[in-house]
Each structure stands twice: as C-alpha cells, then as structure tokens.
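Worksheet: the structure to be examined is printed underneath.
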Amino acid sequence: MHISGGALPRPAETRIMVVANQKGGVGKTTTTVNLAASLALHGARVLVIDLDPQGNASTALGIDHHAEVPSIYDVLVESKPLADVVQPVRDVEGLFCAPATIDLAGAEIELVSVVARESRLQRAISSYEQPLDYVLIDCPPSLGLLTVNALVAGAEVVIPIQCEYYALEGLGQLLRNVELVRGHLNPRLHVSTILLTMYDGRTRLASQVAEEVRSHFGNEVLRTNIPRSVRISEAPSYGQTVLTYDPGSSGSLSYLEAAREIALRGAIPQQEQHNPEGAQ
Ligand code: ATP
Ligand code: MG
C-alpha cells in the first residue's frame with residue numbers, strides 16, 4: 001500500500017477525537033500525530049490540538065513551541081481565538097497544529113477559577129471557522145481539567161493501549177470519567193476506538209494482552225495493531241511523523257492502515273455522499 005493509494009471517504013461533519021489514557025508513555029502522542037498525518041495524506045483536513053504541557057505532539061510535527069509562541073494555553077486561559085494559534089505543518093498538506101507551550105502546565109490550576117472551566121476547549125473549537133474533517137486532541141497522562149476539557153469538546157475517545165503487563169490497569173478510571181462527562185456535560189461522548197500499540201508479535205505477552213483487550217472491548221478495537229518500531233520512535237527527533245520520515249516502514253504502513261479503518265468506520269453512507277446539501 002502507498003500514501004498515494006487514493007483518498008479516503010471524508011466524514012459528513014468534523015470528527016473530534018480525544019486521544020486519552022492516563023497511563024504515561026503508552027503511545028498517545030505517537031498515535032495522535034501519525035494518525036493525523038495519515039488522514040491528511042489521504043486528503044483530509046486535520047487539526048492536531050496539543051493539550052499536553054510537555055508539547056510532544058508539537059515537537060513531533062516540527063512546530064515551534066517555545067514560551068512566546070501563541071499556544072493552546074492562550075486559547076484556554078486567555079480566550080484567544082483558536083485560529084490565532086493554529087500553524088500549518090511543514091511537509092504535510094492539510095495538516096495543522098495548535099501547539100502547547102510550557103505555560104500549559106499552570107493551566108490546570110489557573111482554570112479552576114475560570115467561568116465554564118470544563119468547556120473552554122469546546123467553545124474554542126466550535127468558534128473555529130476553517131473547514132476541518134478531523135480534530136485530534138493529544139491529552140496529557142492525567143485525568144485533570146485539561147483532559148476533561150478534551151472530553152467535553154470531543155465526541156469520540158481513542159484509547160491507545162500498550163501491549164504490556166498492566167496494560168488494562170487504570171483504564172477503569174478513564175472509562176468512569178468518560179461516563180461522568182457523558183452523563184453531565186457531553187451526551188455525544190463515547191469510546192469509539194481502541195488501538196494496540198508497540199505490539200511485538202514475537203512475545204506471548206503481547207498476544208495475551210491483545211486477546212484480553214479484544215475480549216474486553218470487542219468492536220471498538222481496530223484490527224490493525226501498531227508494531228514496536230525503531231523508525232516510529234526516531235521520527236520525532238527530526239520533527240517529523242513516521243509517514244514522512246520513513247514512508248515505506250512497517251510503522252508508517254500500520255498507521256496508514258489504522259487511519260483507513262477509522263475513516264471507513266466514520267464514512268458517510270453512499271446516498272448522503274451524493275447529496276449536494278450534505279456538505280456542511
Ligand atoms: P505521555 O503519557 O508521556 O504523553 P504518550 O502516551 O504520549 O506518553 P508517546 O510519547 O507517544 O506516549 O510514546 C512513548 C515512547 O514510546 C516515545 O519515546 C515513543 O517514541 C515510543 N513509541 C511510541 N510508539 C512506539 C512504537 N510503535 N514503536 C516504538 N516506539 C514507540
Ligand atoms: Mg504524550
């Protein structure tokens with residue numbers, strides 16, 4: 001399969017996907033940037049929102065995010081329009097990023113006294129006027145106010161799960177938070193996608209974890225697993241996704257395939273796609 005393998009169906013309306021798992025280092029950022037690049041390379045317009053003070057998604061997309069750069073902090077805390085902080089990603093047409101700077105570390109506390117503190121991001125996204133097919137939000141490894149803002153803003157939760165021992169530990173807490181936000185603040189919210197990452201098919205542990213996740217979640221789990229790959233882990237140090245860093249690598253192909261599954265699951269039924277009124 002190739003990047004030039006044709007456009008994928010575009011969603012009827014913007015799909016806002018929250019990439020979350022409060023466990024650290026499971027592949028949230030890697031998944032966010034590589035899925036986003038895959039979707040953009042297939043013709044979609046995609047915005048990545050970096051909601052982690054570490055700014056790893058901004059780094060991986062080659063986006064400047066030193067302290068003075070207008071960032072998602074200004075949007076959440078200072079009510080700056082999202083359009084004022086969004087930057088285009090070099091090398092990938094149709095891909096954009098709202099960067100995170102270190103300021104964001106203070107936002108969890110600063111937001112406590114702000115009006116409608118849980119829905120700051122949701123408001124910012126709904127006033128953004130540029131057409132978008134996908135918004136992918138990269139969450140920090142916690143369930144604090146930043147992640148809550150993402151859950152209120154989004155409709156779909158994407159959970160990357162690392163195929164290691166303890167993989168499912170702590171997931172219950174994330175799922176309970178999703179339920180809470182759905183019940184009180186955002187009735188559209190649901191877990192749409194589980195993605196197994198850093199999969200090493202040679203180990204029994206990986207296949208056991210995969211089996212356990214599949215029996216637990218069923219349909220939400222993508223058929224495609226993301227393999228453990230050195231190319232995937234090298235790409236961010238060049239400010240690139242694996243899609244441009246090494247397009248033919250197994251990591252790149254697996255993210256393209258995962259993106260294809262996601263796009264097909266959210267595809268518009270055929271007759272609506274031909275309806276000229278259908279485009280929003
Ligand atoms: P955090 O919780 O700190 O935000 P995270 O969940 O966003 O972490 P990543 O930063 O995406 O996780 O990944 C953690 C580390 O694992 C990174 O060094 C990344 O390069 C590496 N990594 C992620 N996916 C893969 C993979 N498929 N193969 C090899 N290395 C990977
Ligand atoms: Mg991360």
Side-chain angles (χ1 to χ4, degrees), residues 10-22 28-29 31-33 35-36 39 44-53 55 57-58 70-87 95-101 103-159 173-193 262 266 280:
R10 294 168 79 163
E13 53 183 39
T14 311
R15 289 175 69 184
I16 305 179
M17 312 181 87
V18 181
V19 182
N21 187 336
Q22 82 272 29
K28 292 180 288 294
T29 301
T31 293
T32 304
V33 299
L35 279 181
L39 291 163
R45 283 177 63 90
V46 186
L47 172 63
V48 168
I49 295 181
D50 189 349
L51 209 56
D52 185 344
S58 313
S71 72
I72 200 69
Y73 169 86
D74 303 296
V75 173
L76 294 175
V77 178
E78 313 284 359
S79 303
K80 202 185 235 315
L82 186 54
D84 292 3
V85 313
V86 167
Q87 298 185 42
L95 182 57
F96 303 85
C97 175
T101 58
D103 295 344
L104 194 59
E108 296 266 8
I109 292 165
E110 289 172 58
L111 280 175
V112 168
S113 57
V114 168
V115 179
R117 61 191 175 197
E118 297 92 357
S119 43
R120 307 286 293 177
L121 185 62
Q122 185 261 324
R123 286 176 182 208
I125 294 174
S126 53
S127 347
Y128 188 73
E129 288 179 344
Q130 300 297 319
L132 288 171
D133 296 306
Y134 297 91
V135 176
L136 273 76
I137 307 172
D138 184 28
C139 291
S142 71
L143 293 171
L145 210 35
L146 289 171
T147 299
V148 170
N149 261 270
L151 295 174
V152 172
E156 301 183 41
V157 183
V158 178
I159 308 179
Q173 207 186 340
L174 171 61
L175 297 175
R176 276 192 295 282
N177 276 38
V178 170
E179 287 308 311
L180 275 174
V181 171
R182 198 221 322 256
H184 295 282
L185 296 162
N186 179 8
R188 294 169 312 160
L189 189 68
H190 65 286
V191 175
S192 69
T193 309
I262 288 172
Q280 37 77 55

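- Taking Asn186 as the reference, Val181, Arg188, Leu189 meet the side-chain contact (heavy atoms from CB on, under 4.5 Å) condition, with sequence neighbours excluded.
- Within the 4.5 Å cutoff, the side chain of Ser58 has heavy atoms near those of the Asp50 side chain.
- Gln130 pairs by the side-chain contact (heavy atoms from CB on, under 4.5 Å) definition with Arg45, Tyr128, not counting sequence neighbours.
- Within a 6.0 Å radius of CD in Glu129, no more than 12 heavy atoms belonging to other residues, nucleotides or ligands are found.
- Side-chain contact between Ile72 and Leu82 is present, with at least one heavy-atom pair separated by less than 4.5 Å.
- Contacts classified as side chain to side chain donor-acceptor pair (under 3.5 Å) and involving residues 117-127 (residues at least two apart or in different chains) are given here: Ser79-Arg120.
- Counting only distance, with no hydrogens or angles, the side chain of Asn149 and the backbone of Leu121 share a donor-acceptor pair below 3.5 Å.
- Under the side chain to side chain donor-acceptor pair (under 3.5 Å) criterion, Arg176 pairs with no residue at all, not counting sequence neighbours.
- No side-chain donor-acceptor contact under 3.5 Å links Asp103 to the backbone of Tyr73.
- With sequence neighbours excluded, the residues forming a side-chain contact (heavy atoms from CB on, under 4.5 Å) with Pro53 are Leu104, Ala105, Pro140, Leu146, listed by chain and number.
- Here the side chain of Glu108 pairs a donor or acceptor atom with the backbone of Leu145 at under 3.5 angstrom.
- Taking the side-chain contact (heavy atoms from CB on, under 4.5 Å) definition, one finds that Glu179 meets it with Arg182, sequence neighbours left out.
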